[in-house]
Amino acid sequence: MAESLTDTAPIAADVPRYDVRAAEPRWQRAWAERGCFRVEDVPADGRPKYYVLEMFPYPSGKIHMGHVRNYTLGDVVARYKRARGFSVMHPMGWDAFGLPAENAARERGIHPAKWTWENIATMRAELQRMGLSLDWQREFATCDPAYYGHQQKLFLDFLRAGLVERKESWVNWDPVDGTVLANEQVIDGRGWRSGALVEKKQLSQWFLKITDYAEELLAALDTLDRWPERVRLMQAKWIGRSEGARLAFALAQPENGIAEVEVYTTRPDTLFGMSFLALAPEHPLSAAAAARDPKAGEFIAECRRLGTSEAVIETAEKQGYDTGLRVRHPFLKDTAGQAVSFPVWIANFVLMEYGTGAIFGCPAHDQRDLDFARKYRLGVVPVVLPPGENPATFSIGSEAYVGPGTIFNSGFMDGLDVEAAKRAVIAELERLGVGHGEVNWRLRDWGVSRQRYWGCPIPVIHCDACGVVPVPDEQLPVKLPDDVTFDRPGNPLDHHPTWKHVACPRCDKPARRETDTFDTFVDSSWYFARFCSPLADEPVARDAVDHWMPVDQYIGGIEHAILHLLYSRFFTRAMKRTGHLDVDEPFAGLFTQGMVTHESYRTAPGPNAMWLYPDEVVKQPDGTATHRTTGEPVVVGRVEAMSKSKRNTVDPKAIIARYGADTARWFILSDNPPERDMEWTEAGVAGAFRFTQRVFRLVEGLGEPAPAPAPGLDPGVDPGVGRAKPADFSETARVLRRVTHRTIASVTEALESFAFNVAVARLYEFANAIAEADPVGPLRGPTKSGGGGADDAGGLAWARREAVEILARLISPMMPHLAEEVHARLHPGGERLVAELPWPAADPDLLVAETLTIAVQVMGKLRGTISVPPGVTAGTAIQIARTEPNVARALEGKRIVKEIYVPNRIVNFVVAG
RNA sequence: GCCCGCCUGGCGGAACGGUAGACGCAGCGGACUUAAAAUCCGCAGCCAGUUGGCGUGGGGGUUCGAGUCCCCCGGCGGGCACCA
């Protein structure tokens, strides 16, 4: 069926057909030649700035539908804002470092650089074919030393500012990729790319101190009022602020020199309910215990082995080992006045990374502690009495009590409520010098070291004499060597014969270059700032970032809600501290788009069942499907995110080649709201294509081109299309003009609120209305009427030209090529492109209908409608409403208790009897 | 387990508390055509079947009036998940 839309389909000679393939590249050239989308680093034209940015792509090979959706959304905003008089910066670049390039090198022997740059060339051409209003002069790739050299400079500035730390730390080790992963890259205990079970390993790593900004990053979320609420919630949760206390427990007997254990708790008010202390397996005291007790060592080893993988299995059985050590309670005394002591356990559920790596267990008021206590038969002492409970009889069963109440069994805290008790116990701990109130964060410092070749080298040198020495600024960039091999696992930079052997910049003795490279999230944490001055010989030019930053509208997938956005927020603050820019937040507005989905198809079930690409499948009218070549039945599967493994992908390049960029853009915008997942369907694309042809026929239907414009009129701006406006309009013409101007208003409103699907719907209605206002008919077909020669009685021809002109301008953010084509046909010899024209303004006089249709209800039920002139009085409207036959019938025999009139909207009669 | 979001025809979805289902897709009937495609005209929530009744996951409430606001319940989707 879709075959009919290819160039093999015969087109009737009298049907004008818009030749997409010729027209679109022509307009793309016109925009490029006239530099429509170029802006200066520091513009002097005084227009307000607007920075639109979509998350830049990883050059994986070719663009996919997710890119098409993302960049179409951004382009609609860019083109619309440009028309609204903003100086719009809309750049594009490449997030070009990363593992797939190395995988290609290992699997196919292609050098990562060659693979990456070839992909960039391919994808650039595909993006250009989409007709995006990008300033290509700003393009860069992060794998270019001209970019990453500045990144190295930023790192050294951060280092000097105390924002970088090198520390020995437990890291997540991906045994398949042979690299360290950030916590965020571990999903359910597995590497986010390889899917391999992650192991714990201790390494010396570079960290960026994002935790220095935890408080700020959390607090500033409240200022991001143009961010989706859920993204802010996700970030707040990720940063994870908690208030509590840190306190030290003295060991009854010191163990291997360790005399006390610090714990962190958010419930210091339950301190008297303690029955044990639990250590993380990686805790130093655990190690000390293991040194004496081999069984403790075995338990720790078991935890390390199962640790993360066990968490996956949800059963998450709490396990512990009693070290035999005991700690003294700071307050509880026995009858002899001696401090009461509690056992010290090693427990698999205590995390070394959070708090102090040790907790005190209060089973009565913490479910996890309760489970542990029940399993190992430890004490359960309630200390918070729920309202209405009797202290003599209240006890804990299998559920911990975590609600509010009155403290009891707790010495000096007895009788206080939970919050007051927290304050009291913290004061007491501070008085005794054994603890203090403390805010804790879930956020961890950002480990940026990766044992990888295809990334930005970390610019430091390790010298046996001088220690870690930063590469001097004048030696930047530290370039990746090209001559590397991938014939063995691990980091090729490590195996390189010469690259890492350098003289120490400080003492000149032989030293080693750092062979780790940066996490690629570093590359994407400041690219938006680099776009402001992509050629600057420093990371950013201050005057350029001062002008353009922050990004006014950032658009991308929800999958970056936490990491990329949080890192970018941190980088912006770090760059501010090091004097590179002067904003706190990089993205003033954020929009997160939904995924593009498609039906999936597979061959008949069985051992050889395989996924099929959509273009291998023919859908039958009855909803079933068969294989295009074999005719075998095909199982139509779920609609799900496009993925290579399910083969439910549609190649944008093929779609654009067949239907044109405008059709792809229009369809991807039309189907549903952009924040939701959308389903790509062949029928939907075909429908969008039909619309492009219909718009084209509308302009053809106007007949002769307009005569030469009247002097003094700018042919591009004048919506009257270069003709004198008639003195009088017929009713049809008046109605059309009102539709035209109401459409300007409604499309504008829809675009402002990202309701692009609604904007599209309004434009369909508008096109229908223009076709229906045809003085001759047939209404929606190719017509020869309405040319508007000398006798344009009733001004209908003028009104139709105005309507088509406005239609072209209103579709231009979504279908820019078709807009230019239509506009050019209305203005032969015209001087300006639609891309250079201001957004049309609605005539306020035409926004109100000549007559209003008002609903009439009786007791809130619709009984009829009436026509009234605008501004009718309540009395008149009600009078007319009463006489409407159907309303009158409903009112018969009833007593009207109340008459409600909402101007221009509704009449409602409240009746009795 | 906690947090968030969503639930409207066959489908995607519209709808300042005011005519629910705009617009599109799919469908049906008709015109044009030797025929098909394309195009055009018309129909289309459900049940009764010309003036009616019922309808926005279910139940309650506020209101002259509820898809929209409030409460309870159900379902679906997403995020986080031993965070002390």
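Only a predicted model underlies this, so the values are computations on that prediction, with no experimental measurement involved. Every chain is numbered from 1 and lettered A, B, ... according to where its sequence line falls, protein lines coming before strand lines.
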Distance in angstrom units between [X] [atom1] and [N] [atom2], rounded:
X       : N      : atom1 : atom2 : answer
I900(A) : C64(B) : CD1   : P     : 7 Å
Q857(A) : G17(B) : CD    : P     : 16 Å
E892(A) : G52(B) : CD    : P     : 13 Å
W680(A) : G12(B) : CH2   : P     : 18 Å
F667(A) : A26(B) : CZ    : P     : 11 Å
E353(A) : C83(B) : CD    : P     : 13 Å
E679(A) : A26(B) : CD    : P     : 13 Å
I854(A) : U19(B) : CD1   : C1'   : 11 Å

Check: Does a side-chain N-to-carboxylate-O contact under 4.0 Å join R863(A) and E884(A)?
Finding: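 A salt bridge is absent here (no side-chain N lies under 4.0 Å from a carboxylate O).
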
Notebook entry, point to check: Thinking salt bridges, do R889(A) and E892(A) make one under a 4.0 Å N-O criterion?
Noted result: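 Salt bridge: no.
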
For [N], which nucleotide is its Watson-Crick or G-U wobble mate, given both distances must be under 3.5 Å?
N      : value
U50(B) : none
C16(B) : none
U62(B) : none
C76(B) : G5(B)

Note to self: If the cut-off is 4.0 Å, is R444(A) near the phosphate of C83(B), judged by side-chain N/O to OP1 or OP2?
What the structure shows: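 No.
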
Note to self: Does C11(B) have its OP1 or OP2 closer than 4.0 Å to a side-chain nitrogen or oxygen of N672(A)?
What the structure shows: no

In a table with atom names and distances, give each donor-acceptor pair under 3.5 Å that connects a side chain of residues 754-762 of chain A to protein atoms at least two apart or in another chain.
{"unit_1": "R762(A)", "atom_1": "NH1", "unit_2": "E765(A)", "atom_2": "OE1", "d": "2.5"}

Notebook entry, point to check: Out of G13(B), A22(B), C23(B), which has the shortest distance to the side chain of R676(A)?
Noted result: G13(B)

Checklist line | Side chain of I906(A) - closest among C3(B), U19(B), A84(B) | finding: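 Side chain of I906(A) sits closest to U19(B).
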
Checklist line | Ring-ring centroid check W227(A) F591(A), cutoff 6.0 Å | finding: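 No, ring centres 6.0 Å or more apart.
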
Item checked: Any side-chain donor near an acceptor of the partner, D371(A) and Q367(A), under 3.5 Å -> yes

